[in-house]
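Here's the structure we're looking at; comments come further down.
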Protein chains: 2
Amino acid sequence: MSKIVRMKDIAAMANVSMGTVDRVIHNRGRVSADAQKKVMDVLEQINYKPNLIARTLSSSRNYRVAALLPDAELDPFWRSSIQGIQQAHSEHSQFGITISYHFFDPYSGDSFRQQAHDALESGPDGILLAPTLRQEALDFAGICREQQIPLVCFNTYIHELAPLAFIGQDLHQSGRLAAELMTMIAAPGTILVTHIGEQVQNSAHIGAKETGFREFVREKGSSHFEVNTVQLESPSRSGFKASLAQALETHPHTKGIYVTTSKAYEIARSLEELGKTDIRLIGYDLIDENLTHLRNGTINLLINQNSDRQGFLGISYLTDHLVFQKPIPTLQYLPLSIVTRENLNSYITSQEVN
Amino acid sequence: MSKIVRMKDIAAMANVSMGTVDRVIHNRGRVSADAQKKVMDVLEQINYKPNLIARTLSSSRNYRVAALLPDAELDPFWRSSIQGIQQAHSEHSQFGITISYHFFDPYSGDSFRQQAHDALESGPDGILLAPTLRQEALDFAGICREQQIPLVCFNTYIHELAPLAFIGQDLHQSGRLAAELMTMIAAPGTILVTHIGEQVQNSAHIGAKETGFREFVREKGSSHFEVNTVQLESPSRSGFKASLAQALETHPHTKGIYVTTSKAYEIARSLEELGKTDIRLIGYDLIDENLTHLRNGTINLLINQNSDRQGFLGISYLTDHLVFQKPIPTLQYLPLSIVTRENLNSYITSQEVN
DNA sequence: ATTCACATTGTGTACGTAAACATTTTTATA
DNA sequence: TATAAAAATGTTTACGTACACAATGTGAAT
């Protein structure tokens, strides 16, 4: 029977005007201690839930969100993040959300600083950030905090950033999962953990996966498997395939390769060219380049970081925070999705609507 | 620059009143051909998107939704569906959605009819249905169509129901996936597909999984694996373990068991009691009973039907349809999530909020 | 031409909140 | 005490839509 309580009702119960109730609820000040108490007393008795619909309609202002993430032209991994952001945007545009995009070179501090500057220039009410560069991200987060701009981060977890929300994957656990899967599908022998032309800045990020991987093997598979880390040339250089071949010669009993980034397709391509078919390959992310090899069997498993959903949730959370003033999760770990040839389509199909 | 167009603007452009615009947009009739044309012309030129916020606030009526699904007391599988429904409800209750629950015995037509009758009695504006009983569901859907009550179904796909939306899993593909996983982790030998005390009504439902499973093995694993179907006693009967032991004697080279329902824990328990440790076990759903065995390793893999998300989406779609009059997907297949010991937590953890 | 029935069109109010604005009360100052 | 300034409180309007209601216009029957 509990009818919905409105500000009007509270005003009546407390014997004050709606204006006063409004001032108390939003503590805008300019209220006598007496009135304050009267309203607070009522608020404690009843369970007032503001009507978010009415609130949104009333204060129908426009919110600007700046999305700051690497350029998908430079790394296709980010394509799906952008898709997720765009989908969230199209679902929320009616709430007066506009998004400006600022794409940076994921390995260039200068590029980041430039784009970050532009993002701030646009006078955003909220910022969505993929903090691939640690130090630059920290500096930027400081400015956001100074300027009181809500910051939501995704993909790369950096504890000290202390954003309003982080959305991503538990990387340590992700590494453990990869190891579990590898020990399930690979024959006993050597497992290579590959790092491909990585920059120093990313080392913490990648490190958590490797640590998790090794931890699992130590716990559960040390009798059958030996883990070795190899550093390969950047795929953009001609030496890439050679450096892989070299690694395989050094470790002749290699039965599996774990690629900690979305670049498994580069390894897959080289393995095909080298005619190696007895090596299990586990990598990350449903980018087109990987899917081809997952379908033809060169890549056996992919762990999906759900970066489309990361982008989607990032924008959704900012909308909830800005528009609806709803509480949002501080830390949102997404599922560690395992993708094979047979469940791939269930992860990438979109549905018709009516 | 494209300012948002309101009904007011359309009225001005077409030289009519807002009332007329309203009548045209909602084709409530009582409009002259002349006025109709004037408004339509404007509507074709501009891109009018109604403000759903304002619409919702204005027609702030209450919607009743009836949820009709099996009793979780009789089958724990349904617990998570209910959780999902409740979560969606708590997120949408501010939009004036109230839900009445009607739990039936999943194997009793009488029970279903009784609860379905109650559900209709409650005068719902929308219905969420888990159509476990085929014929009864068809009859019920007919009544819903007659009474023009929107019907959203989940979990069990029945084509002839033709609901507003179906949310669930592609069962054929689910079977294929199970087979792919089984051939990855099991040693060559016999694979058993088990049916546990199933009712006739569910045969179509379960059949799709088995067909998919066999199809995959035929295509990709026929040289190493032989698939056999076994029918076991209902776990409630004392003969369950014996019937399993009997099946394993009949098929002495059994290396894997595929349980097409959420009852893998029953098999796991019996396997433990029988001391069988070399048989891989793949089942469905993250119910507590299964998780225990997944954690201790008796169950190797679970395929998650995401029934919490099914319930959540079911209510969300009904809300979108009723409250926001948004288009919703006709057919929403959810991902075929693969769950292991190491990614289990990423599927069941909930987050703190701020 | 007058009246009535009916079709069409226009106007006003409600939804619940936020925020601008107007009014009253209190306090400080001369 | 008178008066201005400041503080507190109350009132009104806007947000965009839906819907009830009022006001026109049209044509037919008397």
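Only heavy atoms go into these numbers, but all of them, side chains included; no hydrogens, no water, no symmetry mates. Note on naming: letters A, B, ... go to the chains in the order of the sequence lines (proteins, then strands), and numbering restarts at 1 for each one.
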Next item on the list: Could you work out which one of C:dG10, C:dT17, D:dG16 sits closest to the side chain of B:Ala54?
Entry: D:dG16
Next item on the list: Grab the CZ-P distance between A:Arg30 and C:dT27 for me, whole Å please.
Entry: 16 Å
Notebook entry, point to check: Is the shortest side-chain N/O distance from A:Tyr48 to OP1 or OP2 of C:dG16 below 4.0 Å?
Noted result: no
Margin query: Just the rounded figure in Å: distance from P of C:dT8 to CD of B:Gln36.
Written below: 11 Å
Next item on the list: Take atom NZ of A:Lys49 and atom P of C:dC15, then tell me their distance rounded to the nearest Å.
Entry: 21 Å
Next item on the list: Starting at CG of A:Leu57, measure out to CG of A:Leu52 and round the result to the nearest 0.5 Å.
Entry: 12.5 Å
Checklist line | N or O in side chain of B:Ser58 less than 4.0 angstrom from C:dC15 OP1/OP2 | finding: no
Margin query: Starting the side chain at C-beta, find the nucleotide from D:dC19, C:dA18, C:dT11 nearest to B:Asp22.
Written below: D:dC19
Note to self: Both B:Asp34 and A:Ile25 contact DNA chain C. Taking the nearest nucleotide for each, which residue is further toward the 5' end?
What the structure shows: B:Asp34
Note to self: Atom CD of residue position A:Glu160 - does it have more than 12 heavy atoms of other residues, nucleotides or ligands inside 6.0 Å?
What the structure shows: yes
Next item on the list: Find the distance B:His26:NE2 to D:dC19:C1' and express it as a whole number of Å.
Entry: 10 Å
Next item on the list: Check the distance between C:dT9's P and B:Arg23's CZ and give it to me in whole angstrom.
Entry: 8 Å
Notebook entry, point to check: Between B:Arg6 and B:Asp9, does at least one N-O distance fall below 4.0 Å, as a salt bridge requires?
Noted result: yes
Next item on the list: Applying salt bridge (Lys or Arg N to Asp or Glu O under 4.0 Å) between B:Asp22 and each of B:Arg55, B:Arg28, B:Lys8, report the one that passes.
Entry: B:Arg28
Margin query: Please tell me if B:Arg6 has a side-chain N or O lying less than 4.0 Å from either OP1 or OP2 of D:dG16.
Written below: yes
Check: Within this structure, what is the CE-to-C1' distance between A:Met18 and D:dT9, rounded to whole angstrom?
Finding: 14 Å
Notebook entry, point to check: Is the shortest side-chain N/O distance from A:Thr20 to OP1 or OP2 of D:dA8 below 4.0 Å?
Noted result: no
Next item on the list: For B:Asn51, answer base if it contacts any base atom (sugar-phosphate contacts may also be present), sugar-phosphate if it contacts only those atoms, and nothing otherwise; contact means non-hydrogen atoms under 4.0 Å.
Entry: sugar-phosphate
Margin query: Please tell me if B:Arg28 has a side-chain N or O lying less than 4.0 Å from either OP1 or OP2 of D:dC19.
Written below: yes
Item checked: Short side-chain N/O contact from A:Ser32 to OP1 or OP2 of D:dA7, under 4.0 Å -> no
Notebook entry, point to check: How about A:Asn306 and A:Gln310: does a side-chain donor come under 3.5 Å of a side-chain acceptor?
Noted result: no
Check: Once you round it to whole Å, what is the distance between P of D:dA18 and CD1 of A:Ile53?
Finding: 13 Å
Next item on the list: Starting from the 5' end of DNA chain D, give me the residue, A:Gly29 or A:Leu57, whose nearest nucleotide shows up first.
Entry: A:Gly29
Item checked: Closest to the B:Ser17 side chain, choosing from C:dT11, C:dC15, D:dT9 -> C:dT11
Notebook entry, point to check: A:Ile10 CD1 to C:dG16 C1': how many Å, rounded?
Noted result: 11 Å
